[in-house]
Amino acid sequence: MLSRLKKSSPEDSELELASWHPDFRNTARLPDTKAVRTSFLVNGIVLLIAAVAVTGFAFKVYELQDINTQVAHWQTQIDRDKAPSERAIALYKKFQTEAAHVADVNTFLKSRPVVSDVLLHLGKTLPDYVAIDRFDLGATNLNVRGTVRGAPDQASGRASSYLQQLKADPYFATLFSDISLLNLNRNTQAGGLILELSFKLKEAKKP
Amino acid sequence: MSLSDTVKKYPFRAVCILTAAVAGAGAYVVSDRVVQARELLAQKTVDGERLETNVRDAGQLPEQLEALTSAVAKIQAKLIRAGQLANNLQYFYRLETESGVELLDVRPTGSVKGPYQGVGFNVSVKADYLTLLGYLRRLENGPHFCRILSTGIAAPSPDRAGPLTLSLSLELLGQP
């Protein structure tokens with residue numbers, strides 16, 4: 001018991017390491033007695049690296065082949081569609097040229113109001129106390145001059161209500177952006193009031 | 001220990017390392033080709049889809065073009081020729097006869113430089129209101145495309161007795 005408690009000195013450890021007889025073993029030639037041999041581990045790792053590299057290479061080759069197959073597929077489709085597509089483009093260019101002519105006609109006709117329609121609508125919605133004396137359509141405005149029957153106080157009220165009626169008219173709203181009263185003067189010859197209206201054309205285009 | 005000794009001593013490891021090196025180099029080379037092939041595929045896909053769309057969308061194009069060509073031929077027939085003054089004035093005289101107005105004046109204005117442009121005319125006619133309206137409707141819905149640039153309709157006298165005078169500045173769609 002006392003010997004175990006005794007502290008070991010360096011001399012003691014030297015004594016323990018030193019063999020009591022010469023060691024004739026050739027450790028390099030002795031078999032590896034570890035549970036998993038170092039050589040097996042190294043071989044395994046090298047094999048794994050090789051397998052990963054080969055798999056990576058194989059995958060890349062497969063990927064390239066797959067892409068090449070797709071390219072070939074698209075090329076076949078391109079070869080098939082090229083001629084019909086060129087014909088379609090030629091047809092479409094012709095179509096565009098023809099459509100431009102139709103658009104020209106449409107622009108030509110839509111650039112100005114249809115005067116007969118405006119006159120008809122003006123006549124259809126004209127109150128019996130108003131008579132039209134002049135109708136002047138210009139580049140940007142339509143000016144209408146007429147006579148409102150009645151005594152001046154009554155005629156001015158009628159003129160005002162006629163103006164409101166024109167402003168509320170949906171047909172005129174599509175053609176004119178503003179309708180305003182330019183003048184309302186006494187008609188000394190025929191009686192009543194002379195009414196002058198200005199209709200401002202929408203998107204007025206210079207002819 | 002030389003390399004050959006090492007190879008002789010560890011042939012399996014040598015073969016594995018050599019295989020890994022060759023496969024790695026091969027993968028590197030093939031990767032480069034894959035990138036190029038991907039670019040080529042993207043280009044071919046775009047081209048192929050474009051052509052396919054062109055062909056698909058043009059399915060009814062021949063019929064539509066035929067219909068449009070037919071419509072344009074009808075439009076062409078309605079165009080006047082600016083150079084044929086006698087024929088153009090004849091149109092207004094015929095309109096006078098058909099509508100019953102009295103043609104006071106008709107004269108061409110300006111010149112046309114290209115197709116589908118307006119050929120200008122100044123026209124003055126005299127008639128009662130309904131006849132004038134009929135004249136305008138014939139003009140605007142007649143055999144030629146017409147747009148009226150300016151119009152003036154005036155009552156002849158304060159008592160509105162007698163025929164009205166209509167002054168028009170108009171264009172008929174035409175070609176030189």
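Just so it is clear, the model here is predicted, and its values are computed rather than measured. Within every chain, numbering begins at 1; the chains are lettered A, B, ... in the order of the sequence lines, protein sequences first and strands thereafter.
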Problem set entry | chain B contacts, top residue of A/Val42, A/Ile89, A/Val102 (heavy-atom pairs, under 4.5 Å) | A/Val42

Problem set entry | Considering all heavy atoms, the nearest A/Ala50-B/Ala20 contact | CA-CB, 3.7 Å

Exercise. So which of A/Asn187, A/Asp66, A/Asn143, A/Leu47 has the biggest tally of heavy-atom pairs under 4.5 Å with chain B?
Worked result: A/Leu47

Problem set entry | A/His73 side, atom NE2; B/Leu41 side, atom CG - distance, nearest 0.5 Å | 10.0 Å

Exercise. Does CD in B/Glu63 sit with more than 12 non-hydrogen atoms of other residues, nucleotides or ligands closer than 6.0 Å?
Worked result: yes

Exercise. Can you tell me how far the CG atom of B/Leu133 sits from the CG atom of A/Leu119, to the nearest 0.5 Å?
Worked result: 6.0 Å

For this session: Side chain from CB out, backbone as N, CA, C, O: work out which of these in B/Arg38 comes under 4.5 Å of a heavy atom of chain A, or both, or neither.
Result: both

Problem set entry | A/Asp81 CG to B/Asp47 CG distance, which is reported to the nearest 0.5 Å | 11.5 Å

Exercise. Most heavy-atom pairs under 4.5 angstrom with chain B, which of A/Phe108, A/Phe57, A/Tyr92?
Worked result: A/Phe108

Exercise. For B/Leu130, is it the side chain, the backbone, both, or neither that has a heavy atom closer than 4.5 Å to a heavy atom of chain A?
Worked result: neither

For this session: Could you tell me whether A/Gln75 atom CD has more than 12 heavy atoms of other residues or ligands within 6.0 Å of it?
Result: yes

For this session: Take A/Asp117 and B/Arg137 through the side chain to side chain contact (heavy atoms under 4.5 Å, CB included) test and state the conclusion after the steps.
Result: CA-CA 8 Å; A/Asp117 286 350; B/Arg137 286 201 78 76; 2.8 Å; yes

Problem set entry | Interface residue of largest heavy-atom contact number with chain A, from B/Gly152, B/Ala58, B/Gly120, under 4.5 Å | B/Gly152

Problem set entry | Heavy-atom pairs under 4.5 Å with chain B, option from A/Ile67, A/Leu142, A/Thr147 with the top count | A/Ile67

Exercise. Any chance NZ of A/Lys167 has more than 12 other-residue heavy atoms, nucleotides or ligands included, within less than 6.0 Å?
Worked result: yes

Problem set entry | Part of B/Ala71 within contact of chain A (heavy atom distance under 4.5 Å) | neither

Problem set entry | Choice from B/Thr19, B/Leu68, B/Val55 maximising heavy atom contacts with chain A below 4.5 Å | B/Leu68

Exercise. So, for B/Asn54 and A/Ser85, which heavy atoms are closest and what is the spacing to 0.1 Å?
Worked result: ND2-OG, 3.0 Å

Exercise. Where does B/Ile75 contact chain A at under 4.5 Å (heavy atoms): side chain, backbone, both or neither?
Worked result: side chain

Problem set entry | Interface moiety of B/Glu49 toward chain A, non-hydrogen atoms closer than 4.5 Å | both

Seminar exercise, completed: So, the part of B/Glu140 with a heavy atom under 4.5 Å from chain A: the answer is side chain

For this session: Below 4.5 Å from any heavy atom of chain A, which atoms of B/Gln64 appear? Answer side chain, backbone, both or neither.
Result: both

Exercise. Measuring heavy-atom distances to chain A, does B/Tyr129 have an atom under 4.5 Å in its side chain, in its backbone, in both, or in neither?
Worked result: side chain

For this session: For residues A/Asp136 and B/Ile153, report the shortest heavy-atom separation together with the two atoms involved.
Result: OD1-N, 4.3 Å

Exercise. So which of A/Val54, A/Leu64, A/Ile132, A/Asp104 has the largest heavy-atom pair count under 4.5 angstrom toward chain B?
Worked result: A/Leu64

Exercise. Would the number of heavy atoms belonging to other residues, nucleotides or ligands and lying under 6.0 Å from OH of B/Tyr28 be above 12?
Worked result: no

Exercise. About how many Å separate CG of A/Asn68 and CG of B/Leu40, when rounded to the nearest 0.5 Å?
Worked result: 8.0 Å

Problem set entry | Separation of B/Arg13 CZ from A/Ser39 OG (nearest 0.5 Å) | 5.0 Å

Exercise. Where does B/Val72 contact chain A at under 4.5 Å (heavy atoms): side chain, backbone, both or neither?
Worked result: side chain

For this session: Apply side chain to side chain contact (heavy atoms under 4.5 Å, CB included) to the pair A/Val46 and B/Phe12, showing each step before the final yes or no.
Result: CA-CA 9 Å; A/Val46 171; B/Phe12 181 74; 5.8 Å; no

For this session: Report the distance from atom CD of A/Glu63 to atom CZ of B/Arg33, rounding to the nearest 0.5 Å.
Result: 14.0 Å

For this session: Taking all heavy atoms of A/Ser111 and all of B/Arg147, pick out the closest pair and write down the distance.
Result: OG-NH1, 2.7 Å

